[in-house]
Amino acid sequence: MKVISISKKKFQELKKIELSREVFNTEGIIYDFEYRGEKKILKTLYTLNGFTFANKLYTIEMLDSNKEYLPSSFYIPDYLCTVEGKIIGFTVPKVEGVNLSTILSDTSIDYKEQIYYLKKIGEILNQLHNIRKYTPLNSFYINDLHESNFIVDNNNRELKVIDLDSCKICSNEPFAARFLTEKSMVSEVEKYKVNNDPHSNGYISPNSDSDLYCYSMIILNYLYGGKISSISIENFYEYLNYLKTIGVNRELIDIFSKLLVGNCRNENPINYLDSLTGEQICRAKKLVYEKTKDRIRK
């Protein structure tokens, strides 16, 4: 992989990119960067030694080596960056757009537009199924799949996948994933295999079930207007029962129900998202749900 050497002075002059409060980022600092007339972002890493760092570099190298098999919507690291001879991070082509987390939380945006982008995630997962089936990348998974890792291109409404340096590719070890932690619901379901490598910071070994679980969490967090991914299993099923009472498609709810069932594979809910109505989405929000639940109990 090619390397860009940056002087200490130039690095100190770089402008940090201020992320909106909806955007989730824990691994490093993001800077605006330009190289040979091309706009990029420079992601510096907090951890610059040890197993985690080596695993990160290997992941970036494998993405670069296998980029011919990946969709153009995947924004893949293109250069390693050094300051005074030491690797401090890497660059990624810059996409001018809006983070999906911002779009999903913006109540002024029409729900049909939001559903359109939620369906795009499902299309990407279908693409990955075919990539695993027909290319050498038979173990490629997004892993840390959440709404902050997608950007909507301002020019063509395409959904771009970012932060792929936490993906599962080739023989790398799993990285931490927002929805796949010891405190999440996956910790109680055997379907999701716990990663036993003591050096890796990823709790779950990624597979198609874990990617589809994360996709469903994005959809449910959108409906709930909060972190449904952090509630107890009992409260999760209570909420799904509520969705039934407000008329949400039974097939869609069934897909969500099976997320925590160990003896069946997860399914892609993409084909049922258009069934959601504006009224259902409003009534599914946490504030409405809590008031309705309290009224029923009284």
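Reckoned from all heavy atoms, side chains included, excluding hydrogens, waters and symmetry mates.
Listed by first and then second residue, the salt bridge (charged side-chain N to carboxylate O under 4.0 Å, His left out) pairs involving residues 208-236 are D209-R265 (not counting sequence neighbours). A salt bridge (charged side-chain N to carboxylate O under 4.0 Å, His left out) check over residues 191-207, counting only residues at least two apart or in different chains, returns nothing. Residues in residues 123-136 take part in these salt bridge (charged side-chain N to carboxylate O under 4.0 Å, His left out) pairs, two or more places apart or across chains: K120-E123. Screening residues 51-69 for salt bridge (charged side-chain N to carboxylate O under 4.0 Å, His left out), with sequence neighbours left out, gives E27-K56, K56-D165, D64-K67.
Shown here are the side chain to side chain donor-acceptor pair (under 3.5 Å) partners of E173, two or more places apart in sequence or in another chain: there are none. By the ring-ring contact (aromatic ring centres under 6.0 Å, His included) test, F11 pairs with Y31, sequence neighbours left out. Residues satisfying the side chain to side chain donor-acceptor pair (under 3.5 Å) test with Y215, not counting sequence neighbours, are none. Here E96 pairs with K39, K94, N154 under the side-chain contact (heavy atoms from CB on, under 4.5 Å) rule; sequence neighbours left out. Listed by chain and number, the residues in a ring-ring contact (aromatic ring centres under 6.0 Å, His included) with Y213 are Y192 (sequence neighbours excluded). In this structure S216 satisfies the side chain to side chain donor-acceptor pair (under 3.5 Å) test with no other residue, sequence neighbours excluded. Listed by chain and number, the residues in a side chain to side chain donor-acceptor pair (under 3.5 Å) with S7 amount to none (sequence neighbours excluded).
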Original post:
Is there a side chain to side chain donor-acceptor pair (under 3.5 Å) between Y111 and E279 once you walk through the steps?
Top reply: CA-CA 10 Å; Y111 80 92; E279 180 183 349; over 6 Å; no
Subject >> Residues Y203, S184; criterion side chain to side chain donor-acceptor pair (under 3.5 Å); working and verdict >> reply: CA-CA 10 Å; Y203 174 62; S184 66; over 6 Å; no
Subject >> Worked verdict on S166 versus D163 for side chain to side chain donor-acceptor pair (under 3.5 Å) >> reply: CA-CA 7 Å; S166 293; D163 281 354; over 6 Å; no
With a 3.5 Å cut-off and sequence neighbours excluded, list the donor-acceptor pairs that the side chains of residues 78-86 form with protein atoms.
unit_1: D78; atom_1: OD1; unit_2: T91; atom_2: OG1; d: 2.5
unit_1: D78; atom_1: OD2; unit_2: K40; atom_2: NZ; d: 2.6
unit_1: T82; atom_1: OG1; unit_2: S5; atom_2: OG; d: 3.4

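The aromatic rings of F74 and F140 lie tilted to each other, with the angle between the two planes from 30° to 60°.
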